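Working notes, structure below.
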2 protein chains.
Amino acid sequence: MSQNEVEKSVPTLADVASLANVSTATVSRCLNSPDRVGKDTRERVMKAVNELGYAPNFGAQALAARQTNTIGAVIPTMENAVFARGLQAFQEELGRHGKTLLLASSAYDAELEEQQIRALVARGADALLLIGYDREPEIYRFLEKRGVPTLIAWSFNPAETRTAVGFDNRAAMRALARDVIAQGHRNIACITAPTRSNDRARGRVEGIRDAKVEAGQDPAEVMIVETPYGIGTGEEAFRQVMAQAPDTTAIMCVNDVLAVGALRAARALGLRVPEDISVTGFDDIEIAALADPELTTVHVPHREMGRRAAQRLIEVLQDNVMGQSKELPTEIRMRQSLGPARKA
Amino acid sequence: MSQNEVEKSVPTLADVASLANVSTATVSRCLNSPDRVGKDTRERVMKAVNELGYAPNFGAQALAARQTNTIGAVIPTMENAVFARGLQAFQEELGRHGKTLLLASSAYDAELEEQQIRALVARGADALLLIGYDREPEIYRFLEKRGVPTLIAWSFNPAETRTAVGFDNRAAMRALARDVIAQGHRNIACITAPTRSNDRARGRVEGIRDAKVEAGQDPAEVMIVETPYGIGTGEEAFRQVMAQAPDTTAIMCVNDVLAVGALRAARALGLRVPEDISVTGFDDIEIAALADPELTTVHVPHREMGRRAAQRLIEVLQDNVMGQSKELPTEIRMRQSLGPARKA
DNA sequence: TGATAAAATGTAAGCGCTTACATTGCCCTC
DNA sequence: GAGGGCAATGTAAGCGCTTACATTTTATCA
């Protein structure tokens, strides 16, 4: 399995043991719990280890110790800055605790996600990070049966029982929608990513409806356009909204990327933002503040989420018990793309 | 190592074997080379597998088969869209071939990178993807000794012997610099990421100098400002350039993020781009086309690079021999941020 | 100083799988 | 219908490590 011809040279525990003139058990202890070994023995062993350039065989270690020190994560895609950012923090925190990240992606496809989850478990992931709650119950059963602790991130829903480290998508969007309505908007459209098996997007859409209801308006008035993730698709969706519902005065997008697309389409159509139409995003990734006009959006602490998720998972591996769910706060970033509704 | 109390229930090969009334060898063959087993036996075994919900134990498999089907990658950071994009394609291709990605990041720190490389090897990575050539020879020696095939990406340098799948950073930047010079620019500044142990950034800077030389100008005229990756740092570097060398008419940045920072600083300083000053980037990530003015930059086929890198690594694992290096072409994306030099 | 406890080390039994080699049974061929 | 060849299956020897338990050594204390 390698192009190395000197294969035989890879030293094993036994080699170290015989060089240091001790048993393999002692060498193993030296490496794993040095304090349980006498000082001079330890030094002798360590010297042998260095001399031989010994490093443990992963498979053997995993087999004997029944753990791999490896944690899996299945995300929709790294190309979404939101996940890239969160995962970066996640991985850094894992690294700090001697754990390694096994990464897979689902391209927002439920079936592919299931495959990837199974693949990571098969690769010996000690625990798993998954995005959002939506998932076939069968998968959760599988995970339970295999005894793989699983943490949900990017979502927090008090109504769900699984442990999560995330934020309340619905409440966050509701808060933003309140502000939109407060600016006099009534004809609101929503550009969303597909909501099927995506409780995050669905929650955000619901949040808008919630705010409508609170304001005594009919939630069914909200025009919903579903489209895949992307700037181009956001543009297209914007055109569609304006064609079908020209009265629309505010377009709330479930993420910044779609919103930036909307912004571009607005400009192309000769519409001023926010004078003619308001646009909002969600996530607060870099382009939100870079856009012109700057995008009003919901700030999500992605890095902190990743970091905390890692901590939870490390804890559960240590203490054998998963901590409580943790809700992280989001914040509305009021910028230029939201303004008062134009007069009818 | 898990909160599961029904631990004993995880079935082994032997369980499947006895249920199906065959030997463990047959079960193993059913799973790994089904064609070497009779049809009805195979069906019986598969039925048992499903019935028990059997899945192989990773450690045991790795130990016995001497390979983990796991490929490691150490990148600077996922937060850089360039790597996120390339890695996404890399992971997808790996997945297509039944390999899993072990991911670590170095934060552009050589020492941390070394640690991560060792960690991934210790975690049983069958092969490794590394970014750029620059690295202590000791690390390469270690990798060789351990027999871990290693591929370099994001760089291609004909002068280097290691196998790489990447592009010629120096030539690409040289080409862009030629265009800049052709627009009458002579007082060129370069904002670069730290060049220490980063042959990509260094190559790009060299590329600018090359073009100066070709044009009969003094390469030492190029003002170089080194700064960490980031929009904010790009802004700051721009101010520094303008403060120290107000005659500068073109600022070439080694990546788009720094360039976007430069663009912002220019605007803040009341400088028009490209009338008062030209700015160029490198990578052609999303924000390049979104920036205002749109950024002239070098397009790099990140996805294809990731995909091809995966293929190379899969090949080497199969055939035991690493293919040739592959140079991918880059393209100049001429947009609005580069214009003729202003008159002195 | 001898009994007893504690620390250090060794012994050896797995962990669950792959695979070289051995065995069995069947189909051809002449 | 005996012998050869091949496909299907079984046997069992590891793979390199961890760890329960046994043994030996050293420290402690009356």
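What you see is a predicted model, and the numbers here were worked out from it, not measured in a lab. Every chain is numbered from 1, with letters handed out A, B, ... down the list of sequences. Just the heavy atoms: all of them, side chains too, but no hydrogens, waters or symmetry mates, feed the values below.
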**Report entry** Comparing B:D40 and B:A60 on DNA chain D - which has the more 5′ nearest nucleotide
**Finding:** B:D40
Query raised in the report: 5'-most contact on DNA chain D: B:N21 or B:L63, nearest heavy atom basis?
Result: B:N21
[X] has an atom [atom1]; how far is it from atom [atom2] of [N], in whole Å?
X	N	atom1	atom2	result
B:R146	D:dG16	CZ	C1'	12 Å
A:K39	C:dT9	NZ	C1'	18 Å
B:N57	D:dC17	CG	P	16 Å
B:F58	C:dC17	CZ	C1'	12 Å
B:R42	D:dA8	CZ	P	9 Å
B:R29	C:dT18	CZ	P	11 Å
B:D15	C:dC15	CG	P	11 Å
B:D35	D:dA7	CG	P	12 Å

Counting side-chain heavy atoms from CB outward, which of [options] is closest to [X]?
X	options	answer
A:L13	D:dC17, D:dA12, C:dT9	D:dC17
A:Q61	D:dT18, C:dG10, C:dT18	D:dT18
A:T26	D:dT11, C:dT18, C:dT9	C:dT9
A:A64	D:dC15, C:dT19, C:dC15	C:dC15
A:T12	D:dG14, D:dG16, C:dG10	D:dG16

[X] bridged to [Y] by N-O distance under 4.0 Å:
X	Y	answer
A:R118	A:E114	yes
B:R135	B:E160	no
A:R96	A:E93	yes
B:K39	B:E43	yes

Query raised in the report: Parallel, tilted or perpendicular: which fits the ring planes of B:H302 and B:W154, with parallel below 30° and perpendicular above 60°?
Result: parallel
Report task. Could you tell me whether B:S28 contacts a base, only the sugar-phosphate backbone, or nothing, with contacts defined as non-hydrogen atoms closer than 4.0 Å? Result -> base
Requested in this report: Pick base, sugar-phosphate or nothing for A:Y54, based on heavy-atom distances below 4.0 Å to the nucleic acid.
Outcome: sugar-phosphate
Query raised in the report: Does any donor-acceptor pair link the side chain of A:R66 with the base of C:dG16 at a separation under 3.5 Å?
Result: no
Query raised in the report: According to a strict under-4.0 Å criterion, is B:T24 in side-chain N/O contact with OP1 or OP2 of D:dG10?
Result: no
**Report entry** Which residue lies more 5' along DNA chain C, comparing B:R36 with B:P56 via nearest heavy atoms
**Finding:** B:P56
